[in-house]
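Below, chain A is the first sequence line, B the second, and so on; all start at residue 1. Note: hydrogens, waters and symmetry copies are ignored here, and every other heavy atom, side chains too, is used. Just so it is clear, the structure is predicted and the values come from calculations on it, not from any experiment.
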Amino acid sequence: MSFINYSAREINCKIVYYGPGLCGKTTNLQWIYKRTNPKLKGKMISLATETERTLFFDFLPLALGTIRGFQTRFHLYTVPGQVFYNASRKLILKGCDGVVFVADSQAERMEANVESLENLRVNLDAQGIELATTPFIMQYNKRDLPNAAPIDEMRALLNPRQLTEFEACAPNGGGVFETLKAVAREVLHDLKQMSR
Amino acid sequence: MHGQQLLLYEEDHRSVQAVIRQLIRDADALAIFVVDMNGQLVAEAGEVGDIDTISLASLCAGCVAATAGLARLVGENDFPVHFHQGRRASLHITRITPQMILAVIFDDRSSLGLVRLRVRKAVGGLARIFETLRKKTERPRAFGNSPFADITDEDIDNLFSN
Ligand SMILES: Nc1nc2c(ncn2[C@@H]2O[C@H](COP(=O)(O)OP(=O)(O)OP(=O)(O)O)[C@@H](O)[C@H]2O)c(=O)[nH]1
Ligand SMILES: [Mg+2]
């Protein structure tokens, strides 16, 4: 749910990075944090375990600039990918305006990708939201690894509708900003549709 | 929720602001925040100083959401009030409506009893304001055009140019 504040002339949108455990969601946000002008970003908050697995969420607020005199903010969240944290994933998904699905390209993680995508669908459904009508970007991460599955195969499994997709290698930033821009664009287009 | 929006107009903001400013005085509080359940800061009053208000809003919402989850696990609908006591500052959190949270920060110039009493009174007024706001949001077109009705691809590209 976007929040348009006419008093402060601000608009806030919430974007959630979803995907199986260790697929690279937190790494996406860390790269964005590292490479964003300090004036445009707030603090990055990570509620993580001692071993750096996301426990509740990561949060990164970005204020990218103004549109029609309105400061446009994106609040980026990641969910904890580990299967047993589903209660937390449901909470974080509430009120999201757009979703990035980060898939792990390693062949042995294909089943985990499929399960996580299905879990996303179920959790959105529980809130009365259809995945098909939500701004959505598919990111194939970890393309640098030798055991990465072919893109065609991943597309057939995870993105049969051929929605906007990117290959990525999050630790060195490959595909990270492309993904962010694409989801921001879709969210803003969606807002435009809603305002009509 | 996707497909819904929260719209806050100037006059609503003023009404919320009036209530929380009064509450600062009545409760002898340091700072007060109104936050929505998605972690967005709606209004603030008092000595905000160098508090990172955006982080505060996001963590408050996470905290309330997690606490409500715990409540349901033990067969309660919600734990609508929570209180975190620190050495100097304390934080008192209440639900205003299912969508809105009131967070009050106070120190030993005030007391939990006083804060609780004054908050209870203020929450009624705030709830009425947000109820009206929710109804307005259901038919936003009647209240002037959204600035986003005619944004262009160029506007969006410009956001990422720096
Ligand atoms: N080789 C390689 N490693 C990656 C890539 N992206 C992330 N990693 C590594 O994968 C590990 C897990 O990354 P995280 O970003 O913490 O994963 P996550 O999706 O947040 O995991 P959870 O918080 O458990 O859901 C880290 O060691 C990252 O450095 C990538 O594109 N290539
Ligand atoms: Mg993580």
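- When the candidates S55(B), A66(B), A65(B), S58(B) are compared by the number of heavy-atom contacts under 4.5 Å with chain A, S58(B) comes out ahead.
- In the hydrophobic clustering of ILVMFWY residues, with side-chain heavy atoms under 4.5 Å counting as a link, L131(A) and I129(A) come out together.
- Of all non-hydrogen atoms in N5(A) and V42(B), the two that sit nearest each other are ND2-O, 4.1 Å.
- Residues V48(B) and I32(B) do not share a hydrophobic cluster, defined by chaining ILVMFWY side chains whose heavy atoms lie under 4.5 Å apart.
- In this structure, the portion of Y77(A) lying under 4.5 Å from any heavy atom of chain B is its side chain and not its backbone.
- In this structure, chain A has a heavy atom under 4.5 Å from the side chain of Q99(B), while its backbone stays farther away.
- In this structure, the portion of I11(A) lying under 4.5 Å from any heavy atom of chain B is its side chain and not its backbone.
- Within the 4.5 Å cutoff, no side-chain heavy atoms of L8(B) are placed close to those of I4(A).
- Within 6.0 Å of CD on E154(B) lie no more than 12 heavy atoms contributed by other residues, nucleotides or ligands.
- Contact of L41(B) with chain A is made through the backbone alone, with heavy-atom distances under 4.5 Å.
- Proximity to chain B involves both the backbone and the side chain of L188(A), based on heavy atoms less than 4.5 angstrom apart.
- Within the 4.5 angstrom heavy-atom criterion, only side-chain atoms of F56(A), from C-beta onward, approach chain B.
- Heavy atoms closer than 4.5 Å to chain B are found in the side chain of R73(A), but not in its backbone.
- Contacts between D52(B) and chain A at a heavy-atom distance below 4.5 Å involve the side chain alone, from C-beta outward.
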Determine whether L47(A) and L59(B) satisfy the following criterion, side-chain contact (heavy atoms from CB on, under 4.5 Å), listing intermediate values before the conclusion. CA-CA 10 Å; L47(A) 303 180; L59(B) 289 174; 3.9 Å; yes
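- Between Y6(A) and E10(B), every side-chain heavy-atom pair lies at or beyond the 4.5 Å cut-off.
- A continuous path of ILVMFWY side-chain contacts below 4.5 Å connects L62(A) to I15(A), so both sit in one hydrophobic cluster.
- Judged by distance alone, the side chains of D153(B) and H189(A) do bring a donor and an acceptor atom under 3.5 Å apart.
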Item checked: Derivation of the salt bridge (charged side-chain N to carboxylate O under 4.0 Å, His left out) call for D157(B) and K181(A) -> CA-CA 9 Å; D157(B) 286 334; K181(A) 276 184 206 183; over 6 Å; no
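- Shown here is E52(A), whose CD atom has no more than 12 heavy atoms of other residues, nucleotides or ligands within 6.0 Å.
- By the criterion of side-chain heavy atoms lying less than 4.5 angstrom apart, applied directly or through intervening Ile, Leu, Val, Met, Phe, Trp or Tyr residues, I105(B) is grouped together with I101(B) in one hydrophobic cluster.
- Of all the heavy atoms in S7(A) and H13(B), the pair that sits closest is OG-ND1, 2.9 Å.
- K192(A) contributes atom NZ, which lies 7.0 Å from atom OG1 of T152(B) (distance to the nearest 0.5 angstrom).
- Surrounding CG of N147(A) are more than 12 heavy atoms belonging to other residues, nucleotides or ligands, all under 6.0 Å away.
- Other residues, nucleotides and ligands place more than 12 heavy atoms under 6.0 Å from the CZ atom of R53(A).
- With contacts defined as side-chain heavy-atom distances shorter than 4.5 Å, the pair I67(A)/N158(B) does not qualify.
- F59(A) has its side chain within reach of I54(B): a pair of non-hydrogen atoms, C-beta onward, lies under 4.5 Å apart.
- Other residues, nucleotides and ligands place more than 12 heavy atoms under 6.0 Å from the NZ atom of K41(A).
- Here the side chains of F70(A) and I151(B) are not in contact, with every heavy-atom distance at 4.5 Å or above.
- With contacts defined as side-chain heavy-atom distances shorter than 4.5 Å, the pair N38(B)/H75(A) does not qualify.
- For S88(A), no part sits under 4.5 Å from any heavy atom of chain B, backbone or side chain.
- Of the two parts of D12(B), neither the backbone nor the side chain holds a non-hydrogen atom closer than 4.5 Å to a non-hydrogen atom of chain A.
- With a threshold of 4.5 angstrom between heavy atoms, L124(A) does not approach chain B through any atom at all.
- Hydrophobic clustering keeps F106(B) apart from L114(B) (ILVMFWY residues linked when any side-chain heavy atoms are closer than 4.5 Å, directly or through intermediates).
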